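For reference, the structure is listed below as structure tokens.
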Amino acid sequence: MNYQLDLHGEALMEQYHELYPVYQRLAQLAEDALRKALKEQHVSITVMEHRVKTEASLAGKLELKGAKYHSIANVTDIVGIRVVTFYSNDVDKVAAIVNECFQVDWNNSVDKRKLHRLDSFGYNSLHYICRLPKTIVDDPDMPQLNEISFEIQMRTALQHVWSTLDHDTAYKGNVTIPREYQRQFKRLAGMLELIDDEFSRLRNVLTEYRRQMLALEASGQLDEVDLNAETFRRYLEMHPFARLNERIAAINQAELYPVPMMPFFRVLQKLGFETLGDVNRLIEEYSDDAYRLAISQLGTTDLDILSENIGVQNLCFVYVLKRGGGPAELCQIYDWLNGYDSSNMELAKELFLQAQKITPD
């Protein structure tokens with residue numbers, strides 16, 4: 001392909017071709033090193049990719065401003081790495097890790113987030129110009145690996161998506177976009193920037209909420225811990241139904257085998273429980289009734305294997321029965337646990353009859 005390059009530009013292009021294998025290896029080494037460092041620091045990202053600038057792309061750059069580059073070494077973005085994070089405050093975490101991993105050229109690095117322009121949202125990347133230290137690679141046969149600069153772009157997922165859409169929609173072709181539509185793009189950019197910030201703020205709020213809930217659980221203030229999937233999962237780690245299960249298993253000297261307990265989170269929610277304190281009181285106040293219900297269920301059988309959910313299941317049953325519930329309400333529990341089935345009503349009726357055998361205190 002013929003490019004409109006002057007002699008200086010052609011010389012730079014020759015240097016590019018000579019160094020191309022170095023660029024390829026440098027790109028892979030830099031990505032591998034950064035990916036490893038992010039994993040060690042438990043920083044989640046959505047995308048990381050590297051690229052070596054193509055001949056056509058470099059030629060276009062040299063055609064426009066080749067005179068500003070004394071040598072190919074002055075073109076610092078031939079090797080590029082893009083890191084896309086989920087949250088805006090993770091961009092700064094990635095930047096800190098980049099600074100630890102590589103030698104950062106602060107004079108040529110730029111934080112485009114400080115532009116504060118309404119139409120700059122998709123281009124608010126943090127750009128670092130870096131070099132590989134010898135702690136990552138020290139190859140006497142390829143010393144350029146430590147000498148060539150490369151660029152790392154860091155941005156959020158929303159910024160990344162917006163820049164792609166904006167470029168594809170607003171800048172494709174030579175037709176000037178009317179001001180009316182340009183204004184709409186700017187409004188959308190402002191909305192997305194707000195959403196980006198709000199996602200980060202919400203994550204911070206939820207992180208603090210989890211810390212507070214853990215502290216309340218640790219202090220035993222269960223009435224102040226909302227019942228949700230996360231808190232119930234941690235509550236189950238305390239084996240709150242173990243004592244009741246052991247009492248029930250002893251009826252037939254049965255063996256208990258583990259089964260998932262999380263399905264009962266939905267049942268407890270449906271029954272109106274709002275905090276872990278409510279669940280704890282269920283265990284304290286209804287365990288004896290749940291045990292007596294188990295006697296009526298198992299006393300005349302020789303079952304010697306029981307599921308570990310027998311305790312919480314019977315607690316839910318007696319909770320409904322003590323509040324005047326009948327087969328219809330018991331059937332709802334079976335529906336919540338197993339999905340709707342016509343046989344659930346038969347099970348509920350049988351359970352209701354068994355419950356009539358419970359001897360009151």
Side-chain angles (χ1 to χ4, degrees), residues 9 12-13 15-38 43 45-85 88 90-115 120-137 142-164 166-167 171:
L12 294 179
M13 188 63 78
Q15 295 174 32
Y16 162 83
H17 287 133
E18 291 173 2
L19 289 171
Y20 194 79
V22 181
Y23 294 140
Q24 287 183 306
R25 186 177 175 202
L26 172 61
Q28 191 63 61
L29 285 169
E31 179 181 338
D32 291 346
L34 182 54
R35 194 178 291 278
K36 178 183 178 184
L38 291 173
V43 176
I45 59 173
T46 178
V47 171
M48 184 189 298
E49 56 190 10
H50 71 261
R51 64 103 180 99
V52 176
K53 192 180 286 292
T54 64
E55 177 186 282
S57 177
L58 177 60
K61 188 167 191 171
L62 296 179
E63 287 174 353
L64 291 175
K65 46 187 176 180
K68 68 176 285 190
Y69 303 114
H70 298 296
S71 73
I72 199 66
N74 300 128
V75 186
T76 57
D77 65 345
I78 292 178
V79 172
I81 295 176
R82 177 176 291 138
V83 183
V84 181
T85 69
S88 57
D90 281 344
V91 171
D92 293 312
K93 292 181 184 179
V94 173
I97 293 171
V98 167
N99 188 33
E100 290 291 323
C101 281
F102 310 117
Q103 297 169 352
V104 179
D105 178 358
W106 297 111
N107 291 328
N108 289 304
S109 298
V110 59
D111 188 349
K112 293 190 176 183
R113 300 173 300 176
K114 296 179 180 179
L115 292 174
S120 67
F121 170 69
Y123 304 95
N124 281 353
S125 305
L126 181 57
H127 293 202
Y128 278 6
I129 303 302
C130 307
R131 288 185 180 178
L132 280 183
K134 290 190 176 182
T135 52
I136 292 178
V137 62
M142 201 175 278
Q144 302 96 326
L145 289 170
N146 306 110
E147 300 166 359
I148 295 174
S149 295
F150 58 94
E151 181 182 69
I152 299 181
Q153 294 182 6
M154 295 155 276
R155 61 168 54 146
T156 67
L158 280 179
Q159 289 170 346
H160 183 56
V161 170
W162 174 254
S163 66
T164 302
D166 188 33
H167 184 273
Y171 296 101

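Owing to the predicted nature of the structure, the values given are computational and were not obtained by experimental measurement.
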Checklist entry - So how far is it from L26 CG to I148 CD1, rounded to the nearest 0.5 Å? => result 6.0 Å

Item to check | Closest heavy-atom pair and its distance - T46, A157 | outcome: CG2-CB, 4.2 Å

Checklist entry - side chain to side chain contact (heavy atoms under 4.5 Å, CB included) with V98: which of V83, I152, I81, L38? => result I152

Checklist outcome for this item: In this structure, CZ of R35 is separated from CD1 of I45 (nearest 0.5 Å) by 5.5 Å

Checklist outcome for this item: Nearest heavy-atom approach of G66 to L12 is O-CD1, 4.0 Å

Checklist outcome for this item: Closest non-hydrogen atoms of A33 and C101, given as atom of the first, atom of the second and distance, are O-SG, 4.3 Å

Item to check | Worked check of side-chain contact (heavy atoms from CB on, under 4.5 Å) between M142 and V22 | outcome: CA-CA 7 Å; M142 201 175 278; V22 181; 3.9 Å; yes

Next on the checklist: I'd like to know if the side chain of N146 and the backbone of L132 have a donor-acceptor N/O pair within less than 3.5 Å.
Outcome noted: yes

Checklist entry - Is D32 reaching over with its side chain to a backbone N or O of L29, donor-acceptor style, under 3.5 angstrom? => result no

Checklist entry - Is the backbone of M154 close enough, under 3.5 Å, to the side chain of Y128 for a donor and an acceptor to pair up by distance? => result no

Checklist outcome for this item: Between the NE2 atom in H50 and the OH atom in Y23, the distance rounded to the nearest 0.5 Å is 15.0 Å

Checklist outcome for this item: d(R155 CZ, S88 OG) to nearest 0.5 Å is 14.0 Å

Item to check | R51 (side chain) donor-acceptor with I78 (main chain) under 3.5 angstrom | outcome: yes

Checklist entry - Looking only at heavy atoms, which two atoms of D105 and S109 are closest? And how far apart? => result O-OG, 2.8 Å

Next on the checklist: I'd like to know if the side chain of R131 reaches the main chain of E147, judged simply by a donor and an acceptor atom lying under 3.5 Å from each other, with no hydrogens or angles considered.
Outcome noted: yes

Item to check | Qualifying residue, where the test is side chain to side chain donor-acceptor pair (under 3.5 Å) with D77 and the options are K61, Q153, H127 | outcome: K61

Item to check | Nearest atoms (heavy-atom pairs only) where A27 meets V52 | outcome: CB-CG2, 4.2 Å

Next on the checklist: Just verifying a value: how many Å separate L34 CG and M48 CE, rounded to the nearest 0.5 Å?
Outcome noted: 4.0 Å

Checklist entry - Distance from I129 atom CD1 to N107 atom CG, nearest 0.5 Å? => result 11.5 Å

Checklist entry - ring-ring contact (aromatic ring centres under 6.0 Å, His included) between F102 and F150: does it pass, once the steps are laid out? => result CA-CA 10 Å; F102 310 117; F150 58 94; 5.4 Å; yes

Item to check | Contact check, side chains of L58 and M13, non-hydrogen atoms, under 4.5 Å | outcome: yes

Item to check | Minimum heavy-atom distance between H17 and E55, given as atom pair plus value | outcome: NE2-OE1, 2.6 Å

